[in-house]
Q: 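Okay, handing you the structure first.
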2 protein chains.
Amino acid sequence: MDSEIFKRFLEEKGQRLTKERSVILREAFACEGHFDPETLYADMKRRGMKASRASVYRTLSLLCECGLVEKVSKTEHGTIYEQRHGRQHHDHMVCLSCGKVIEFYSEHLEKLQDAICREKNFTGKSHTLEIRGYCGVCASHHDSEGENANDR
Amino acid sequence: MDSEIFKRFLEEKGQRLTKERSVILREAFACEGHFDPETLYADMKRRGMKASRASVYRTLSLLCECGLVEKVSKTEHGTIYEQRHGRQHHDHMVCLSCGKVIEFYSEHLEKLQDAICREKNFTGKSHTLEIRGYCGVCASHHDSEGENANDR
DNA sequence: CTATCCATTGAGATTGAGTCTCAATATATT
DNA sequence: AATATATTGAGACTCAATCTCAATGGATAG
Ligand SMILES: [Zn+2]
Ligand SMILES: [Zn+2]
Ligand SMILES: [Zn+2]
Ligand SMILES: [Zn+2]
């Protein structure tokens, strides 16, 4: 179970899996997909769970450290995380119009990056690839209004 | 020249290339490589140039809009921009230890992304690929100190 | 059980990037 | 000159994220 992994990780550091940390872990894993700390915190609060904003941030940090959670990207509205345990690595397409996030994975693409790293004598540990553009639905709407896709 | 492009872009929008905008454009292009607004502003101020923080941000926005400058990524210390005119698109490797940024470009990688977009019926407009890890110099130092499970 | 140690918590203060407001100013048009 | 519109900058404001620190609580030693 996830909390077992977290617990072991914490104990190795001489730290404890407290009630607060458990709750935050559970909530983070409850949202299948992407989440941000502020929303997570607000949701927890609304549902009457007790955990401070500080603890949310602190715990997410720990969860990242032990690999159960990962920072996906930073936006103007804060950092986006996602649950990582048992999920395959993937990259993202983000629709500039509706905000939809499409996940994808390409073995080929990953291999290619490894090759490039080798070439540059760089030891890659992680990466983020974000492709911005328009999803199928929005692309059709967007066609008509000409080039310069930087509005709204 | 760059300011000609900017001027034309502005005029098309019924706006003017003012003295402030000129200075900011010049300064942004002066730093070969990456820069962030706060540093740019501080440097300009230190060197006695007159342009407010607000103008720096506003102008960078405009420069992005017309493609002369591009947002490279968001870090915990703010947004990183780079000058784009006359420079080929490229992606980045960032050393987690010394902060060095290595630029690279791979035709193959770009083509592959196009293919993936097609496959997902997504109209890609731009992308950012950031590979985090350790550069040659730091990798050797880092070997010995184990831990830090910042896996992928 | 009591004393001590140390991790943890949470309320609120603080930081810092980025945006917004608005009165003053500059430029263009008539 | 008068009017209209674009621009600027000081500073207020927003908001994510971090920091501070007194209070709490679990673990362990005596
Ligand atoms: Zn990937
Ligand atoms: Zn994802
Ligand atoms: Zn690329
Ligand atoms: Zn670059």
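Protein chains get the first letters and strands the later ones, always in sequence-line order, with residue 1 at the start of each.
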Q: Using the salt bridge (charged side-chain N to carboxylate O under 4.0 Å, His left out) criterion, which residues pair with Glu103(B)? Sequence neighbours excluded.
A: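 Testing Glu103(B) for salt bridge (charged side-chain N to carboxylate O under 4.0 Å, His left out), a comparison that skips the adjacent residues, returns Arg87(B).
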
Q: Scan residues 34-42 of chain A against DNA chain D and write down, sorted by residue number, each residue with any heavy atom closer than 4.0 Å; if none is found, say none.
A: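 Residues of residues 34-42 of chain A that come under 4.0 Å of DNA chain D are, in numerical order, Pro37(A), Glu38(A).
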
Q: Quick test of your reading: applying salt bridge (charged side-chain N to carboxylate O under 4.0 Å, His left out), list the pairs with at least one residue in residues 36-56 of chain B, sequence neighbours left out, ordered by first then second residue.
A: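 Qualifying pairs, neighbours excluded: Glu20(B)-Lys50(B), Glu27(B)-Arg47(B), Glu38(B)-Arg53(B), Asp43(B)-Arg46(B).
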
Q: Suppose we screen for ring-ring contact (aromatic ring centres under 6.0 Å, His included). Which residues come up paired with His90(B), at least two apart in sequence or across chains?
A: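 By the ring-ring contact (aromatic ring centres under 6.0 Å, His included) rule, His90(B) matches His92(B).
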
Q: Taking for each residue the nucleotide of DNA chain D bearing the nearest heavy atom, is the 5' side occupied by Lys71(A) or by Gln15(B)?
A: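 Looking at the nearest nucleotide for each, Gln15(B) comes out on the 5' side.
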
Q: My understanding is that only residues two or more places apart in sequence, or in another chain, count here; which of them pass side chain to side chain donor-acceptor pair (under 3.5 Å) with Lys71(A)?
A: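 Per chain and number, Lys71(A) pairs via side chain to side chain donor-acceptor pair (under 3.5 Å) with no residue.
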
Q: Under the rule for salt bridge (charged side-chain N to carboxylate O under 4.0 Å, His left out), what residues qualify as partners of Lys13(A), not counting sequence neighbours?
A: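 Residues passing salt bridge (charged side-chain N to carboxylate O under 4.0 Å, His left out) with Lys13(A): Glu65(A).
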
Q: Looking at DNA chain C, which of residues 17-28 of chain A put a heavy atom within less than 4.0 Å of it?
A: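 Heavy-atom cutoff 4.0 Å gives Thr18(A), Glu20(A), Arg21(A).
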
Q: Among residues 43-58 of chain B, which residues get a heavy atom nearer than 4.0 Å to DNA chain C?
A: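 Ala54(B), Tyr57(B) - these, ordered by number, are the residues of the stretch whose heavy atoms sit under 4.0 Å from the strand.
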
Q: Tell me, please, which residues at least two apart from Asp114(B) pass side chain to side chain contact (heavy atoms under 4.5 Å, CB included).
A: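 Result, side chain to side chain contact (heavy atoms under 4.5 Å, CB included) vs Asp114(B): Arg118(B).
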
Q: So Phe29(B) and Val69(B), do their side chains get closer than 4.5 Å, heavy atoms only?
A: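 Of all side-chain heavy-atom pairs linking Phe29(B) with Val69(B), at least one is under 4.5 Å.
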
Q: Please enumerate all residues that pass side chain to side chain donor-acceptor pair (under 3.5 Å) together with Glu107(A), with sequence neighbours excluded.
A: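 Glu107(A): side chain to side chain donor-acceptor pair (under 3.5 Å) contacts with Tyr105(A), Lys111(A).
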
Q: Listed by chain and number, what are the salt bridge (charged side-chain N to carboxylate O under 4.0 Å, His left out) partners of Arg84(B), not counting sequence neighbours?
A: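 Glu70(B).
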
Q: Nucleotides 2-4 of chain D: which of its N/O atoms have a protein N/O under 3.5 Å away?
A:
none

Q: Is there a path of hydrophobic side-chain contacts, each under 4.5 Å between heavy atoms of I, L, V, M, F, W or Y residues, that connects Leu129(A) with Val72(A)?
A: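 No, Leu129(A) does not connect to Val72(A) through the hydrophobic network.
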
